[in-house]
Structure formats: structure tokens, C-alpha cells
Amino acid sequence: MTTRRSVLIVLYEGVQSLDVAGPLEVFKGAANAVGDPDAYRVRTASVDGRPVRTHSGLGLMPDAALGDCAPPDLLLVPGGLCTREQDPRLVAWLRATGSLAGRRVSVCTGAFLLAAAGLLDGRRATTHWAYCDDFAERYPSVRLEAEPIFIRDGDVATSAGVTAGIDLALALVEEDHGRRTALAVARHLVVFLRRPGNQRQFSAHLAAQTADRPRLRDVQHWIAEHPADDLSVEALAARANLSPRHFARAFHTEVGTTPGRYVEQVRLEAARRMLEDTADGVAEVSRACGYGTPEAMRRAFVRTLGTAPAEYRRRFRPALPTP
């Protein structure tokens, strides 16, 4: 018999609608639909029980007032632009009652509210990359980590921007009901059950800028689609119909990094995906991603990720569901 877990999602003026809707759909819309219909009892609540308007203008009707809610098994605090200017009533409730929840979870800048209530003191935590500097200055007692998409520290979990809240919710479903149910939920929502919490918030393509010039953008696309090809400055410059010197200078100006560094990032990301998503051997992955030899790929992994490819696969490749 499945244990029914209570989930309480906090609402407030200016909340980010997707920070609410993403986890809500994971727990209530999908987990209860594909698994046990009584797996989660999900409620929403605002400070006074009144409707709130999200940052995008969407109106949300809460189920209750926070003062009428008992500490839930899982308390979820979504983000919003106003989380850095907190409602003192909400912070007081989080400090007094939210602290008694079985698990406390934040999405995006919801971490500011948990921190303001003292619920992250001495904990590892993350938040949206754009607000990490502000967060670190405000809450020096929190062990902030800017790169992971989500972090678990005991009974507290924090996540980065919008979609990372879905990743974290899926991880919690897997913890509660097993991988098969979490995978079914992911399939139901047409999202991946593949992102480990300490995956970086940025892929190589998000971390770098997109070039203004079409020829340089075409080169960026070529690099991503052909990591095993000759991606030397000379070869890429020829593809852009520029001299190597002109190409290197223009690429650095428009993309924000050197061609060589960009190629390294793309190859590493391609190798990580293959290790996570395929059963190909390390030697095959190294060739497919342009490293040439397993040793060259191992050095790149250790230098950038602090772990060897085989260990990375062991830690992050999803277990195959049992038939």
C-alpha cells in the first residue's frame, strides 16, 4: 500500500507561474495519474488564502490560507522576482511552521525565502544563476553552489531556474515511489528523466553566446553536429571563409570564448550525453566525440569535472527499468 504524502505549494504575489505549475503537474497531474492515485495530496496556500497574481499576470486561486495548514510532508516554495523583497508574514510562517515540514524544497529564487527564514543556514544550496551573487551576499551562512541544477542536503532541497524544479520533483518521486514510476511520470510529461542534480545549469551552447554573423553561427552548429571532425582553427576558418587569424579574433569577440575552448566544451558535453544515454564503450565514445583516445578524454573529464569517464557513467547513467 502506497503511503500518501501531503504536498503544500506556497503562493504569493508575483510568484513565477512555471515554478508552481511544473512541480504541481509532476506530483498531482502525473504521479497520481500514472501511479497510485493517492500517492500525493497536493494543496496550494497563500498567506491570507486570497487569490494571487503571478509575475506573468496569471491569476491563481489557493486552496487555503497558510495559517490553516498543518506542516506537510513536503513544502515547496516557488520562485518569483519579489522573493528578494519578502512578505514578513510569509517568512514568519516559514520559520515557525515550514520548519516542521518533512522536506523543504525551493524552486529558483524560492531559495531566498527559505534562507530568510533561516532554513538554509549551514546547508548546501543553489538558486538561479543570475541571482547567485546577490544570494551569497545576503546569506553568507548558506553554502551556496552556483552550478548544479538542484542540490539535496538532508531534508532540504533547492533548485535552479524553472525547468530544474521539474527535475527535482522527478527526483523526489523516484525517491518516494521508485524509478519506474518516475520514468512513467517523465514520459507522461514528455520530459527527460536524465539530468542528475549536480549537472551544470549551463550547457556549452547556453554558456556561450550565439555569434551575430551567420557564417560564425553556422560554424557553431557544425561543431555541435560534428564533434569528431577536424575542428582546428584552420579548418573552422576555412568553413567560415575567413583567415585563421581573422576567424579566431571574430569568434572570440562574438561568442565570448576562443574557438579551441568552445570545441572543448562541446566535445565534453557530447561525451557526457553518450555516457549517460548509450552503452557505448569509453573508447568508442572518445572517438565519436573527437578525443581520439580514451586517455585524452579521461584527462578532459578529470580536469573539468573532477572524475574519470567510467566513474561519471557509474554515477549518472540511469539504471535501466526492470521489465
Side-chain angles (χ1 to χ4, degrees), residues 1-56 58-80 83 90 93-94 97-111 113-114 117 119 150 152 155-159 162-191 193:
M1 182 177 178
T2 301
T3 300
R4 193 180 197 190
R5 291 173 169 83
S6 59
V7 178
L8 181 63
I9 301 177
V10 174
L11 302 181
Y12 52 85
E13 284 296 317
V15 70
Q16 164 64 255
S17 57
L18 286 176
D19 287 2
V20 175
L24 179 66
E25 288 297 331
V26 169
F27 293 120
K28 187 173 184 177
N32 287 358
V34 305
D36 189 319
D38 292 325
Y40 296 99
R41 177 176 180 266
V42 185
R43 302 180 77 199
T44 58
S46 64
V47 169
D48 51 15
R50 295 179 181 176
V52 301
R53 192 163 296 280
T54 70
H55 175 68
S56 60
L58 179 68
L60 298 178
M61 174 66 73
D63 298 313
L66 285 173
D68 297 330
C69 297
D73 296 316
L74 192 157
L75 173 69
L76 189 143
V77 182
T83 49
L90 174 54
W93 184 88
L94 288 172
T97 307
S99 60
L100 303 177
R103 290 175 292 186
R104 279 87 68 197
V105 173
S106 68
V107 180
C108 197
T109 55
L113 290 167
L114 291 184
L119 302 182
F150 67 82
R152 297 287 303 279
D155 54 8
V156 174
T158 53
S159 63
V162 182
T163 58
I166 296 176
D167 292 304
L168 176 52
L170 286 169
L172 294 171
V173 169
E174 182 175 359
E175 177 182 303
D176 293 341
H177 302 291
R179 186 164 196 82
R180 178 175 290 185
T181 298
L183 183 59
V185 172
R187 286 172 174 164
H188 184 80
L189 296 175
V190 197
V191 296
L193 185 65

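Each residue takes its place number in the sequence, starting with 1. Bear in mind the structure is a predicted one, so any value in this text is a computation, not a measurement.
- The side chain to side chain contact (heavy atoms under 4.5 Å, CB included) test with V7 singles out one residue from V42, L75, V26, and that residue is V42.
- Partners of E175 under the salt bridge (charged side-chain N to carboxylate O under 4.0 Å, His left out) rule, at least two apart in sequence or in another chain, are R103, R152.
- A donor-acceptor pair is defined here as one N or O able to donate and one able to accept, closer than 3.5 Å; no such pair exists between the side chain of S106 and the backbone of T158.
- For S159, the side-chain contact (heavy atoms from CB on, under 4.5 Å) partners are V107, F150, A164, L168, not counting sequence neighbours.
- With sequence neighbours excluded, no residue forms a side chain to side chain donor-acceptor pair (under 3.5 Å) with T97.
- Here L90 pairs with V10, Y12, V47, L66, D87, L94, L113 under the side-chain contact (heavy atoms from CB on, under 4.5 Å) rule; sequence neighbours left out.
- Between H177 and Y40, the shortest heavy-atom contact is CD2-OH, 3.3 Å.
- Interatomic distance, R43 CZ to L24 CG, rounded to the nearest 0.5 Å: 13.5 Å.
- Note that the CG atom of L8 and the CG atom of L74 stand 9.5 Å from one another [nearest 0.5 Å].
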Show the numbers, then the answer: is there a side-chain contact (heavy atoms from CB on, under 4.5 Å) between F27 and V185?
CA-CA 9 Å; F27 293 120; V185 172; over 6 Å; no
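- Looking at every heavy atom in both residues, P51 comes nearest to P62 through CA-CD, 3.6 Å.
- With sequence neighbours left out, S6 forms a side chain to side chain donor-acceptor pair (under 3.5 Å) with D73.
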If you look only at distance, which donor and acceptor atoms sit under 3.5 Å apart when one is on a side chain in residues 13-22 and the other is two or more places apart or in another chain?
unit_1: E13; atom_1: OE2; unit_2: R53; atom_2: N; d: 3.2
unit_1: Q16; atom_1: OE1; unit_2: L18; atom_2: N; d: 3.3
unit_1: D19; atom_1: OD2; unit_2: G79; atom_2: N; d: 3.0

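- Looking at D63, its side chain does come within 3.5 Å of a backbone N or O of T44 through a donor-acceptor pair.
- For L100, the side-chain contact (heavy atoms from CB on, under 4.5 Å) test picks out P71, with sequence neighbours left out.
- Closest approach of V105 to L114, counting heavy atoms only: C-CD1, 4.1 Å.
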Check the pair R5, D176 against side-chain contact (heavy atoms from CB on, under 4.5 Å), reporting the backbone distance first and the verdict last.
CA-CA 9 Å; R5 291 173 169 83; D176 293 341; 3.4 Å; yes
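- Remark: D155 engages R104, R123 in a salt bridge (charged side-chain N to carboxylate O under 4.0 Å, His left out) (not counting sequence neighbours).
- Applying the side-chain contact (heavy atoms from CB on, under 4.5 Å) rule to R50 yields the partners D48; only residues at least two apart in sequence or on another chain are considered.
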